[in-house]
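Input: a single structure, listed below in C-alpha cells.
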Number of protein chains: 2
Amino acid sequence: MTTDFNSFFQFAITVDNVIFGFDGQDLKVLLMKRGEIPYMDDWALPGHFVKQEEDLTSAAGRILEELTGLKSVYLEQVKTFGKASRHPMGRVMTVAYYSLININDFEIKPAFIAKKATWFKVSDVLKTPLAFDHKDILIACIDRLKVKVKTQPIGFELLPNKFTLTELKQLYESVLQHQLDKRNFRKKILSMKILIDLQESQEGVAHRPAKLYSFDSERYNRLIEDGLHFDISYPAMQA
Amino acid sequence: MTTDFNSFFQFAITVDNVIFGFDGQDLKVLLMKRGEIPYMDDWALPGHFVKQEEDLTSAAGRILEELTGLKSVYLEQVKTFGKASRHPMGRVMTVAYYSLININDFEIKPAFIAKKATWFKVSDVLKTPLAFDHKDILIACIDRLKVKVKTQPIGFELLPNKFTLTELKQLYESVLQHQLDKRNFRKKILSMKILIDLQESQEGVAHRPAKLYSFDSERYNRLIEDGLHFDISYPAMQA
DNA sequence: GCAAAAGTGTTTACAGTACACCCATGG
DNA sequence: CCATGGGTGTACTGTAAACACTTTTGC
C-alpha cells in the first residue's frame, strides 16, 4: 500500500507562461530559443519546473520575474496539459498561464538575452511550429484572453499608463481580430466613465494630437458594484 | 545536473471531479465520505491519483466511470490547485474537473456505496466544510458552470432527454441563482429553434400537463455556424 | 368547482448599429 | 496647403424588460 502510494509521486510539473505585449499595433508574445534538448533551437514558451516547496502560483510569478524583472502583473491560470506523451524526457505536466505586460516597462534580463528571448507577432507565431505542445498552449491562452478582455478591463494592462482612445481601440482589434467602429467604440468606452481625462495631448505627431487618458480602477470597482456591465463586443463591426 | 533534474519528479497529481446533477428542483453535487486519513470521515469530492501512463483527460474520465458507470458525459477542466501545503501527505497537485450528468441515468456503483457517495444540494454544501481544499474547488467549478451555462447549451446535459420548459427554466434558475421571467424565458428559448417539440405531454400531473421537448444538437450546431448567439442572461429577472 | 401549474402578447425603453464630415497639427 | 489621423452626432432598428389573465388537467 505504501509503495503503491509512493509510486504516484513521480511526476514533474512545469509552468509555461504566455507573456503578451502590445506595441501599439499588434499583439505580441514573448518566446525563447531553446538551448537544450529536447527541441534544441526551437522556439518555446518561457517556463520552468515547479520546485518542491513552491506554490504553483508562486512558480508562475517567479518565471515571469526572472525573465522580465516585473512583479505584480496580470497573471491568469488557463489550463493544465497532461498527455502522458507530451514530454519526451518523462512524465511532465504543465500548467499554462498567461500574463499581460506593458511592453515599455519591460526589458529582458541579461541572463536571458543569451536565450534569445524575443517578441513575435501572435499572428505570425500561429503559422510556425513551437517546441512541445506549446502551440496548443498558446492557442488556449489566446482563446481565454479573447473571452476575458471582452468582459473585464484587463486590456489596460497591456497599455502604458497614458494612452489614446485610438490606441485602446487598436488593442481591442488586435486581440479580438475584428474591426471596431470608431464612433461607437468611443461612445461606449466614454459612457462607462472608467477613464480619466488627463487633459494632456500627444506631442510631436504630424496630425491633430490625441487626448490622453488613463484607466481609473477605483472608479471601475465602484461602478461594478453598482451594476456596470463592462462589455466590449464586436458586433460593433466595420467593413 | 541529472540528479537536479530528477529531483523535480516527485510530485503526485490527482484529479478531483465535481459531479453536478439536477433533480428537477435543485442543483446537486456528488460527495463521498472519506474512509481514510487524512480527513477521515469528512465529505470530499470524488478523485484519485493520475497513473504514470495515463493521460490527464483519461484519468478524469476514469474516475467518473468507476463511480457512476457513465461514459462520454460532459466533462470540463476548470483549474489546477497547487499550494505546496494543500495535501498533508506530500506534494500533491490536483486538477479540478466538473461534469454534468443526468441524475436519472445514474446509479452509484456497488464498490462506492460503502464510501457513502451521496447527492447534496449545492447550496447546502457551500455552508459546510469539506476535506482538503475541496470547498475552493467546488466554488471554482460552480463559478465556471455559471459562466458556461449562459453561453453554451450544456444545461441540457443535466436534464432527461424529454423535459418541459418549466424544468429547463428551473434548471437555469438553480444554476444561476436568479429568478427568470416565465414568458420572456420561453420566448427566448423557443425563438432559438433548438428544441424539438415532441408532441407529447406530461401524464398524471394534477394540473394542465406540460409539453415535452428535447434538445436538437445537430440543429444547434448548424445555427451556430449561421451566427446564432446562444445567451441565457439573467437580466430577465423577476421580483 | 377548486387547486395548481401551463401557456400566451403587447407595449415600452434602451442599447446597438450604421454612417460622413470637419478639426488640429507637422512638414 | 496638404497629408494624416483625431474627433464628433443622429436616426434607425432590434432586442430586453415588464407585466396579468386564460387554459387544462386531477381530485
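For clarity, every value in this text was computed on a predicted model and none was experimentally measured. Reminder, nothing fancy here: chain letters follow the sequence lines and each chain counts from 1. Heavy atoms only: backbone and side chains are in, while hydrogens, waters and symmetry mates are out.
Donor-acceptor pairing under 3.5 Å, judged by distance alone, is absent between the side chain of B/K211 and the base of C/dG7. Remark: the B/K187 side chain and the D/dT15 base include no donor-acceptor N/O pair separated by less than 3.5 Å. One cannot find a donor-acceptor pair under 3.5 Å joining the base of C/dT17 and the side-chain atoms of A/K188.
Checking each of A/L100, A/V175, A/L159 against A/F22 for a side-chain contact (heavy atoms from CB on, under 4.5 Å) leaves exactly one that passes, namely A/L159.
B/T166 has no side-chain polar atom (N or O) that falls below the 4.0 Å cut-off from OP1 or OP2 of C/dA5. When the side-chain nitrogen and oxygen atoms of B/R208 are compared with OP1 and OP2 of C/dA4, none of them lie within a distance under 4.0 Å. For A/R183, no side-chain nitrogen or oxygen approaches OP1 or OP2 of C/dC19 to under 4.0 Å.
Remark: P of D/dA16 and CG of B/D231 are 8 Å apart, rounded to the nearest angstrom. The nearest whole Å value for the distance from the CG atom in B/L165 to the C1' atom in C/dA6 is 10 Å. Atom-to-atom, CZ of B/F185 to C1' of C/dA6 comes out at 14 Å; the value is rounded to the nearest Å. Atom CD in A/E167 sits roughly 15 Å away from atom C1' in D/dG7 (whole-Å rounding).
Between B/A206 and A/L212, the residue whose closest nucleotide on DNA chain D is further toward the 5' end is A/L212.
Salt-bridge check for A/E218 with A/R222: failed, with every basic side-chain N at 4.0 Å or more from each acidic carboxylate O.
Among the protein residues, B/T164 comes within range of no part of the nucleic acid, since none of its heavy atoms lies under 4.0 Å from any strand.
Counting only heavy atoms from C-beta on, B/K182 has its side chain closest to C/dA6 among C/dA6, D/dC19, D/dT8.
The rotation axes computed at either terminus of the helix from C/dG1-D/dC27 to C/dG27-D/dC1 lie 0° apart, taking five pairs at each end and rounding to 10 degrees.
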